[in-house]
Each structure stands twice: as C-alpha cells, then as structure tokens.
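Quantities reported herein were computed from a predicted structural model and do not represent experimental measurements. Heavy-atom basis, side chains included; hydrogens, waters and symmetry copies ignored.
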Amino acid sequence: MQKTILITGSTDGIGLETAKTLAALGHRVLLHGRNPAKLDAAAGAVGDVPEAGPLGKYVADLSRIEDVEALAETVAKAVAKDSGGLDVLINNAGVYNAADPMTKDGLDVRFVVNTIAPYLLTQRLLPLLGTSGRVVNLSSAAQASVDLRALAGDVNLADGTAYAQSKLAITMWSRHLAQALGDSGPVILAVNPGSLLATKMVKQAFGVAGGDVRRGAEVLRSASLDDAFAAASGKYFDNDSGRFANPHPDALDPSKCEGVVLAIEAILKRLRK
C-alpha cells in the first residue's frame, strides 16, 4: 500500500538517499529543503528513480519557527486534499556548525533545527499521523547531557557540544511524547542512522569522506515501514550496533525528559508573543 512520507532535510545526504529508497518502492515522498534550487535538483533526482511514486516539494528554513509553522500548515492542507493523512514523518534535517550559530531569536541554531523544529512540526502534524503513523527522529551516537540554559539560548556552546546536546534532547522528547501519547498517538522513535556517514555535515565537521549513506537510508526505510518497528514507540535504535539500545542515561530519566519538553514549550510560548 502506498504511504505518504515527509522527509525534512531531503536535498542531500541521508535524507536524499532515503527519499530515493522510499520513492523506488512507490511511496508518495514529500521532500523538504531550505534552498529552492537544491530542492528542485533533489526532486529531479528522486523523480528519475525507476518506479518512483508521486512527489511533493516544500521550502522552509527550519531555523525560523515561523517557517516551521508555515511548513506544517502547508503540508497539512496538501495531504488532506490529496490523500487524507500522513503515514510517516522523518525528522532528518540537522545542523552541526554554522557561520553564525545564533538565530535571529537568540537561540542556538543546533537546538532549533535539531530539537525544537522537529518537536513543533511533529506536534502540528500529529492529527494527520493518527494512531497508525510513525515519527522517525534522527538522533546520533553523539549525546551529551542537556544544559537547559543553552537550550534557551542563554549559554554559548562549542559546535560538538551543542550538536551532542541537541541530539540527546530530540531523543528525550521522543521518549517523553511517545509515553505521554501511548496508544492514542503514532509510533515515535529516535534512530542513530550510523556514525560518520558520507554527508555534507560529516565532511564539514570532521573533514572525512565518511561511510556509505545507503546504510543510514536503509535503517530509516526500516523504521518507517517494517513490522520490527511497529511496537517500538519510545525506543532508541542504534544503527552502529544494529539493534535497539539504551540511549544516554538522561533519556531514561522521566523527570529530565519532562524538563526538556517543558523548556521547549517555554521557548515556543515566548516566540509566539
């Protein structure tokens, strides 16, 4: 059965490879990117895949909360018109370093793109996902305890530290939201697609070519479609070991997970004023 799948950050790297993989299976893939030209190029590449299903294209800068809101609204309207629902949301977009790490709202761009934007997008699209959908959040083997002051933009962090904290934060809210919704919401899980794969982020951050991105795309395909993940809500899958595993201990602490979610909600409330 054809599924409708939104992949953020699908203009290159793991996101693009995942889009190609899912399109080749005949699924309706909704592509997202920040750069219109790159998004058009990605759509061309995905559309050229044999047996490719129908495509959608959406431009949004996920470092801007207003763009996230607009993306959610646009996707919701399009999906409701064309198919009535969204089967899978893959929150893949991510940032490791940037020329200016602070957004116009005074927040660290790593926390905004890697943690806050996917939280908001997921919340907005929950009605379309229902109880049968899946939310696949890109985590990482790099995880570090979250400084809530840094999450709020009050403390500056080095690139690697900010990235690791943002990836633990998305893992923490994934677990918290999955447990809060229970059977009334979609499957929500965090996935480390594999360390040091050949993405633009890895090349910029570490100066290495990296491993085959198809390894990351395959686990995202599995997390999106396979029965092995159907009862995995709230879990963390580590593709370095090829199994479900325990994330950083903070993600197993309900009070710390709740603290991260409350901090995100406070930031969003502040930005809406």
Discussion item. Salt bridge (Lys or Arg N to Asp or Glu O under 4.0 Å) for Lys77 and Glu73? Distances and angles first, verdict last.
Written reply: CA-CA 6 Å; Lys77 287 180 179 178; Glu73 182 177 356; 3.2 Å; yes

Counting only pairs under 3.5 Å, give me each side-chain donor-acceptor contact of residues 143-161, with atom names and distances, residues two or more places apart or in other chains.
unit_1 : atom_1 : unit_2 : atom_2 : d
Gln143 : OE1    : His248 : N      : 2.9
Gln143 : NE2    : Ser139 : OG     : 3.4
Gln143 : NE2    : Ser140 : O      : 2.9
Gln143 : NE2    : Tyr236 : OH     : 3.4
Ser145 : OG     : Asp250 : OD2    : 2.7
Asp147 : OD1    : Arg149 : N      : 2.9
Asp147 : OD1    : Arg149 : NE     : 3.1
Asp147 : OD2    : Arg149 : NH2    : 3.0
Asp159 : OD1    : Arg110 : NH1    : 2.7

Worksheet entry | Any Leu22 side-chain heavy atom under 4.5 Å of Ile90 side chain | yes

Worksheet entry | Asn92 side, atom CG; Thr11 side, atom OG1 - distance, nearest 0.5 Å | 9.0 Å

Worksheet item: Can you find a heavy atom in the side chain of Leu138 that is under 4.5 Å from one in the side chain of Lys167?
Response: yes

Practice prompt. Walk me through it: do Leu71 and Leu121 pass the test side-chain contact (heavy atoms from CB on, under 4.5 Å)?
Written response: CA-CA 8 Å; Leu71 173 63; Leu121 188 60; 4.2 Å; yes

Worksheet entry | Trace of the side-chain contact (heavy atoms from CB on, under 4.5 Å) decision for Asp183 with Thr131 | CA-CA 7 Å; Asp183 294 337; Thr131 59; over 6 Å; no

Worksheet item: Given the rule in the side chain to side chain donor-acceptor pair (under 3.5 Å) test, do Thr122 and Asn91 qualify, once you have shown the distances and angles that lead to the verdict?
Response: CA-CA 8 Å; Thr122 299; Asn91 284 309; 3.1 Å; yes

Fill in: Parallel, tilted or perpendicular: ring planes of Tyr163 versus Tyr96, cut at 30 and 60 degrees
tilted

Worksheet entry | salt bridge (Lys or Arg N to Asp or Glu O under 4.0 Å) partners of residues 45-61, not counting sequence neighbours, each pair once | Asp40-Lys57

Worksheet item: Do His32 side-chain atoms and Ala60 backbone N/O form a donor-acceptor pair below 3.5 Å?
Response: yes

Worksheet item: Looking only at heavy atoms, which two atoms of Ala72 and Leu125 are closest? And how far apart?
Response: O-CD2, 3.7 Å

Worksheet item: Taking C-beta and beyond as the side chain, do Glu66 and Leu271 meet within less than 4.5 Å on heavy atoms?
Response: no

Worksheet, complete the sentence: Between Val29 and Ala23 the two heavy atoms that sit nearest each other are CG2-N, 3.8 Å

Worksheet item: Minimum heavy-atom separation for Pro193 to Val191, with atom names?
Response: CD-O, 3.3 Å

Worksheet item: Applying the 4.5 Å side-chain criterion to the ILVMFWY set and letting contacts propagate, would Leu30 and Val49 be lumped into a single cluster?
Response: no

Worksheet entry | Glu69: partners by salt bridge (Lys or Arg N to Asp or Glu O under 4.0 Å), with sequence neighbours left out | Arg124, Arg272

Worksheet item: Looking at Ile170 and Pro118, what are the two nearest heavy atoms and their distance?
Response: CD1-CG, 3.8 Å

Worksheet entry | Closest non-hydrogen atom pair, Ser233 against Pro186 | OG-O, 3.7 Å

Practice prompt. Test Ile116 against Leu268 for side-chain contact (heavy atoms from CB on, under 4.5 Å), laying out the working first.
Written response: CA-CA 8 Å; Ile116 300 171; Leu268 292 174; 3.8 Å; yes

Practice prompt. Search all heavy atoms of Lys38 against all heavy atoms of Asp12 and return the closest pair with its distance.
Written response: NZ-OD2, 2.8 Å

Response to the item:
Here the gap from Leu31 atom CG to Thr8 atom OG1, rounded to the nearest 0.5 Å, amounts to 11.0 Å

Worksheet item: Is there a donor-acceptor contact under 3.5 Å from the side chain of Gln2 to the main chain of Gly26?
Response: yes

Worksheet entry | Candidate pair Arg64 and Asp105, rule salt bridge (Lys or Arg N to Asp or Glu O under 4.0 Å), full reasoning | CA-CA 8 Å; Arg64 298 168 56 90; Asp105 297 311; over 6 Å; no

Practice prompt. Check whether any side-chain heavy atom of Thr18 lies under 4.5 Å from a side-chain heavy atom of Ile5, and answer yes or no.
Written response: no

Worksheet entry | pair Leu177-Val261: side-chain heavy atoms closer than 4.5 Å | no

Practice prompt. Would you give the length of the straight line joining atom CH2 of Trp173 to atom CG of Asn137, rounded to the nearest 0.5 angstrom?
Written response: 4.0 Å

Worksheet item: Side chains of His27 and Asp87: does their closest heavy-atom pair fall under 4.5 Å?
Response: no

Worksheet entry | Gln123 side chain near Ile264 side chain, heavy-atom distance below 4.5 Å | no

Worksheet item: Is Asp240 close to Arg215 at the side-chain level, that is, under 4.5 Å between some pair of heavy atoms?
Response: yes

Item to complete: Keeping the roles fixed (side chain from Thr115, backbone from Ser166), state whether a donor-acceptor pair exists under 3.5 Å.
Response: yes

Worksheet entry | Ile7/Leu220 under side-chain contact (heavy atoms from CB on, under 4.5 Å): CA gap, chis, key distance, verdict | CA-CA 10 Å; Ile7 310 171; Leu220 295 186; over 6 Å; no

Fill in: ring pair (Phe, Tyr, Trp, His ring centres under 6.0 Å) between Phe229 and Phe244, intermediate numbers included
CA-CA 10 Å; Phe229 289 84; Phe244 291 103; 5.3 Å; yes

